[in-house]
Amino acid sequence: QVQLVESGGRLVQAGGSLKLSCAASGRTFGTRAMGWFRQAPGKERDFVAAVSWFGGKTYYVDSVKGRFTISRDNAKNTVYLQMNSLKPEDTAVYYCAHSTVGRVNSDYVAGDFTSWGQGTQVTVSS
């Protein structure tokens with residue numbers, strides 16, 4: 001079992017920046033990737049970004065490319081999401097997710113992630 005705790009969400013103005021953190025604990029020895037998803041009111045939970053744990057390869061949804069950066073600190077079992085140039089449409093609850101699936105030549109999908117955090121609210125005002 002892996003436990004994930006997110007932090008960093010808050011209200012921010014459009015154009016601003018925010019950095020989310022997610023610390024993993026428990027049975028983390030099987031980590032192969034960690035990622036971020038988000039869910040806006042009335043919508044499904046969508047993939048935002050992921051990072052492979054050992055190679056550091058990153059994956060992003062098109063709408064955040066060039067604005068968001070995912071990174072990880074293996075020693076701290078922590079993943080970060082740096083969000084710049086925030087837009088009102090980025091408003092959502094952001095969830096951290098953990099995967100024991102290793103991918104080399106294909107993108108991560110939601111089904112690869114089996115542990116989830118409780119979510120942190122990000123609100124971007126216009």
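Predicted, not measured: the structure shown is a model, and the values here were computed from it.
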Is Arg38 salt-bridged to Asp90, cutoff N-O under 4.0 Å?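 Yes, charged N to carboxylate O under 4.0 Å.
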
Quick one: which residue pairs count as a disulfide bond (SG atoms under 2.5 Å apart) with a foot in residues 83-126, not counting sequence neighbours?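 Every disulfide bond (SG atoms under 2.5 Å apart) pair that includes a residue of residues 83-126, provided the two are not neighbours, is Cys22-Cys96.
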
Contact summary for [X] and [Y], nearest pair of heavy atoms:
X: Ala24; Y: Val2; answer: CB-CG1, 4.2 Å
X: Gly9; Y: Thr120; answer: N-OG1, 3.1 Å
X: Tyr95; Y: Glu6; answer: CA-OE2, 3.4 Å
X: Phe54; Y: Thr31; answer: CE1-O, 3.4 Å
X: Leu20; Y: Gly8; answer: CD2-C, 3.6 Å
X: Ala14; Y: Ser126; answer: CB-CA, 4.3 Å

Can you run down the side-chain hydrogen bond (donor to acceptor under 3.5 Å, both in side chains) pairs that involve residues 13-22, sequence neighbours left out, and say none if there aren't any?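 Of all non-adjacent pairs touching residues 13-22, those that pass side-chain hydrogen bond (donor to acceptor under 3.5 Å, both in side chains) are Ser17-Asn84.
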
Determine, using the 4.5 Å side-chain heavy-atom cutoff (strictly less than), whether Tyr80 and Met34 are members of one ILVMFWY cluster.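 Result: no, two separate clusters.
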
Would Tyr60 end up clustered with Trp53 when hydrophobic side chains under 4.5 Å apart are linked, directly or stepwise?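 Yes, same cluster.
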
Contact between Asp46 and Val61 at the side-chain level, heavy atoms closer than 4.5 Å - yes or no?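 Answer no - side chains too far apart.
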
Quick one: are Val109 and Arg103 in side-chain contact, heavy atoms under 4.5 Å?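 A side-chain contact exists here, since the closest heavy-atom pair is under 4.5 Å.
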
If you round to the nearest 0.5 Å, how far is [atom2] of [Y] from [atom1] of [X]?
X: Gln3; Y: Gln118; atom1: CD; atom2: CD; result: 12.0 Å
X: Asp112; Y: Phe47; atom1: CG; atom2: CZ; result: 9.5 Å
X: Met83; Y: Arg67; atom1: CE; atom2: CZ; result: 9.5 Å
X: Gln121; Y: Thr91; atom1: CD; atom2: OG1; result: 7.5 Å
X: Ser63; Y: Glu89; atom1: OG; atom2: CD; result: 8.5 Å
X: Arg72; Y: Thr78; atom1: CZ; atom2: OG1; result: 12.0 Å

For Lys57, give me all partners under side chain to side chain donor-acceptor pair (under 3.5 Å), at least two apart in sequence or on another chain.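 None.
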
Parallel, tilted or perpendicular, judged at 30° and 60°: which one describes the rings of Phe113 and Tyr108?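 Geometry flag for Tyr108 against Phe113: tilted rings.
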
Mind checking whether Tyr94 and Phe68 have parallel, tilted or perpendicular rings, split at 30° and 60°?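 Because their plane-to-plane angle lies in the 30° to 60° range, the rings of Tyr94 and Phe68 count as tilted.
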
Report the C-alpha separation of Leu86 and Leu18 in whole Å, then their side-chain angles, then the decisive distance to 0.1 Å, and conclude whether the side chain to side chain contact (heavy atoms under 4.5 Å, CB included) test is met. CA-CA 8 Å; Leu86 282 162; Leu18 206 56; 3.9 Å; yes

